[in-house]
Amino acid sequence: MFCNKIELKNFRNIEGASVEFTDGVNVLLGSNAQGKTNLLEAIYTASTGKSFRATREAELLSFGCDFALLSLEFTDVRRQKIDIRYFAEKRKQIEINGNKITRLSDMVGRFKCVLFCPEHLSLIKGAPAERRAFLDEAICQLRPMYLVSLTKYEKILKQRNMLLKNAREDYATFADTIGYWSEALAHEAAILSRFRASYASQIQSFMQTCFLQMSEKTGKTDEVPTLVYRGSSEQESYEDLGVTKEKYLRLLRGNLEREIAAGTTLYGVHKDDLEICLGGKPARQYASQGQQRSLALALKLAEGEISKKESGEYPVFLLDDVLSELDFSRRAYLIEEIRDKQVIMTTCEIRDENYTGANIIHVKDGVFEGGSV
């Protein structure tokens with residue numbers, strides 16, 4: 001996978017830009033708040049269909065503008081192009097190679113990338129929602145039907161939660177309807193659970209390799225990390241099978257009174273977790289900060305390895321000011337691992353030889369000027 005070029009108009013603080021990338025390492029160099037991360041955000045959005053920063057698409061439009069354009073050219077087996085047009089007053093429009101599409105699942109994963117930003121360094125010790133998001137974003141790029149099921153699940157969950165709140169006052173009226181939505185939720189939950197458990201099982205060996213290689217450099221541990229996909233109700237792991245529809249349905253039916261009292265759905269994949277252990281102990285509680293950072297780094301590198309295994313080629317790696325957050329040994333390991341891949345990264349300063357041979361793109365006030373070192 002190779003990102004050739006991106007063109008932006010009225011995107012965040014970028015009034016207009018056309019940026020070309022080379023094979024290997026591309027560095028967006030500039031002070032804070034100049035537009036470096038905005039460019040990475042645009043590239044990521046062309047892959048996943050959503051920003052990793054904005055909660056509303058309207059935030060992507062430059063202040064005072066009612067229109068924005070994101071156009072990405074990339075090469076896999078052939079040269080392709082994704083165009084996304086954003087509007088202040090209507091839904092976005094997406095074209096792939098000049099053909100309009102109406103379903104996001106038809107776009108997601110066409111262009112594959114792995115994003116690594118400072119927030120991911122807290123992936124291990126953070127809340128379960130962060131690890132669920134990691135699974136969802138990684139799997140969506142590989143399995144478009146996963147996104148379809150995930151979208152259905154979120155809509156069903158919202159509907160069921162509304163009914164549970166109403167049932168507090170009038171259970172008889174809503175009992176049958178809750179039953180219908182419970183079955184629909186369990187159906188989608190089983191699909192998502194199976195995908196997540198399978199992905200966790202596959203990524204574990206790649207993560208272990210990366211982590212142990214880092215350990216050799218830091219000399220701090222020889223403990224082996226493991227990944228365990230856990231359901232919201234039990235402590236058992238599900239390996240690569242996930243949770244069945246019948247099991248979810250039993251949980252939903254058997255705990256209906258509790259859910260009505262709470263006014264929300266207490267069981268389902270929106271409550272599950274990816275537990276990351278080190279030496280058999282939960283890394284969230286027992287691993288040092290350095291070990292947690294190594295685990296997070298290993299997890300993101302392993303995401304790239306799974307993508308290559310599935311698609312036959314490495315995704316594009318997007319690094320948002322990550323090197324400044326890592327110590328020397330982990331920074332050196334990361335640079336070595338990505339050297340033969342296409343990388344687009346941001347930094348405020350060039351401090352060492354790790355950038356030798358990189359394509360340097362200077363960024364100031366949303367303007368990008370290319371060069372090299």
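Keep in mind that the numbers below use all heavy atoms, side chains included, and drop hydrogens, waters and symmetry copies. FYI, the numbering just counts along the sequence from 1.
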Test of understanding: with side-chain hydrogen bond (donor to acceptor under 3.5 Å, both in side chains), list the residues that count as partners of Lys158, not counting sequence neighbours. none

How long is the span from the CD1 atom in Ile306 to the CD atom in Gln204, to the nearest 0.5 Å? 11.0 Å

Is there a continuous path of hydrophobic side-chain contacts, each under 4.5 Å between heavy atoms, that joins Ile360 to Met345? yes

A quick test of your reading: do over 12 heavy atoms of other residues, nucleotides or ligands sit less than 6.0 Å from OH of Tyr180? no

Applying side-chain hydrogen bond (donor to acceptor under 3.5 Å, both in side chains), name anything that partners Thr347, two or more places apart in sequence or on another chain. none

Salt bridge (charged side-chain N to carboxylate O under 4.0 Å, His left out) filter on Glu337, not counting sequence neighbours, yields none

Specify the closest pair of heavy atoms between Met207 and Ala302, including all atoms of both residues, with the distance to one decimal. N-CB, 3.6 Å

Sort out for me which residue in Glu188, Arg143, Arg194 forms a side chain to side chain donor-acceptor pair (under 3.5 Å) with Ser149. Glu188

Considering non-hydrogen atoms only, spot the tightest contact between Leu61 and Ala68 and give its length. CG-CB, 4.0 Å

With a sphere of 6.0 Å drawn around CD of Gln202, does it hold more than 12 non-hydrogen atoms of other residues, nucleotides or ligands? yes

My understanding is that only residues two or more places apart in sequence, or in another chain, count here; which of them pass salt bridge (charged side-chain N to carboxylate O under 4.0 Å, His left out) with Glu259? Arg160

Are the side chains of Lys125 and Ser122 in touch, meaning some heavy atoms are under 4.5 Å apart? yes

Beyond-backbone contact of Val108 with Pro144, side-chain heavy atoms, under 4.5 angstrom: no

Kindly write out the residues that satisfy side chain to side chain contact (heavy atoms under 4.5 Å, CB included) with Asp365, not counting sequence neighbours, or none if the list is empty. Gln34

Gln342 meets the side chain to side chain contact (heavy atoms under 4.5 Å, CB included) criterion, sequence neighbours left out, with Phe2, Cys3, Phe21, Asp23, Asn26, Val316

Distance check, rounded to the nearest 0.5 Å: Leu29 atom CG versus Glu349 atom CD? 9.0 Å

Run Asn255 and Leu266 through side chain to side chain contact (heavy atoms under 4.5 Å, CB included) and show every step you take. CA-CA 8 Å; Asn255 294 277; Leu266 299 174; 5.8 Å; no

Thr346 and Asp321: side-chain donor and acceptor closer than 3.5 Å? no

Would you mind listing every ring-ring contact (aromatic ring centres under 6.0 Å, His included) that reaches into residues 281-308, with sequence neighbours excluded? none

Cation-pi geometry met for Lys92 and Tyr86 (6.0 Å, 45°): no

Atom CD of Glu310: over 12 foreign heavy atoms under 6.0 Å: yes

Taking the side chain as every heavy atom from C-beta outward, state whether Tyr333 and Leu326 have any pair of such atoms under 4.5 Å apart. no

Measuring from His187:NE2 to Lys245:NZ, what's the distance to the nearest 0.5 Å? 6.5 Å

Ser47 vs Gln141 side-chain heavy atoms within contact, under 4.5 Å: yes

Please name all residues satisfying side-chain hydrogen bond (donor to acceptor under 3.5 Å, both in side chains) with Arg79, sequence neighbours left out, ordered by chain then number. Glu73

Residues at least two apart in sequence or cross-chain that pass side-chain hydrogen bond (donor to acceptor under 3.5 Å, both in side chains) with Thr226, listed by chain then number, are none

Where do Tyr267 and Arg250 land on the side-chain hydrogen bond (donor to acceptor under 3.5 Å, both in side chains) test, with the steps shown first? CA-CA 10 Å; Tyr267 304 96; Arg250 283 198 301 271; over 6 Å; no

Classify the ring geometry between Phe317 and Tyr314 as parallel (under 30°), tilted (30 to 60°) or perpendicular (over 60°). tilted

Please verify the inter-ring angle class for Phe195 with Tyr146; under 30° counts as parallel, over 60° as perpendicular, anything in between as tilted. perpendicular

How about Arg331 and Leu334: do any of their side-chain heavy atoms sit closer than 4.5 Å? no

Would you call the rings of Tyr44 and Phe52 parallel, tilted or perpendicular, taking 30° and 60° as the class edges? perpendicular

In this structure, are over 12 heavy atoms from other groups packed under 6.0 Å from Glu169 atom CD? no

Would you call Leu142 and Lys112 a side-chain contact if the rule is heavy atoms closer than 4.5 Å? yes

CG (Leu251) and CZ (Arg253) are apart, to the nearest 0.5 Å, by 11.5 Å

More than 12 heavy atoms of other groups within 6.0 Å of His270 NE2: yes

Is any NZ, NE, NH1 or NH2 atom of the basic residue among Lys300 and Glu303 found under 4.0 Å from an Asp or Glu carboxylate oxygen of the other? yes

Residues passing the side chain to side chain contact (heavy atoms under 4.5 Å, CB included) test with Asp170, sequence neighbours excluded, are Ala172, Thr173, Phe174

Ser215 (side chain) donor-acceptor with Phe211 (main chain) under 3.5 angstrom: yes

Please indicate whether Arg103 has more than 12 foreign heavy atoms, meaning atoms of other residues, nucleotides or ligands, lying under 6.0 Å from its CZ. no

Going by the rule side chain to side chain contact (heavy atoms under 4.5 Å, CB included), which residues pair with Pro128 if we only count those two or more places apart in sequence or in a different chain? Arg131, Arg132, Asp273, Arg284

A side-chain contact here means heavy atoms from C-beta on lying under 4.5 Å apart; do Leu301 and Ile338 qualify? yes

Filter on salt bridge (charged side-chain N to carboxylate O under 4.0 Å, His left out), then keep only pairs touching residues 35-45, sequence neighbours left out; what's left? Arg12-Glu41, Glu41-Arg53

Min side-chain heavy-atom separation Leu60-Phe11 under 4.5 Å: yes

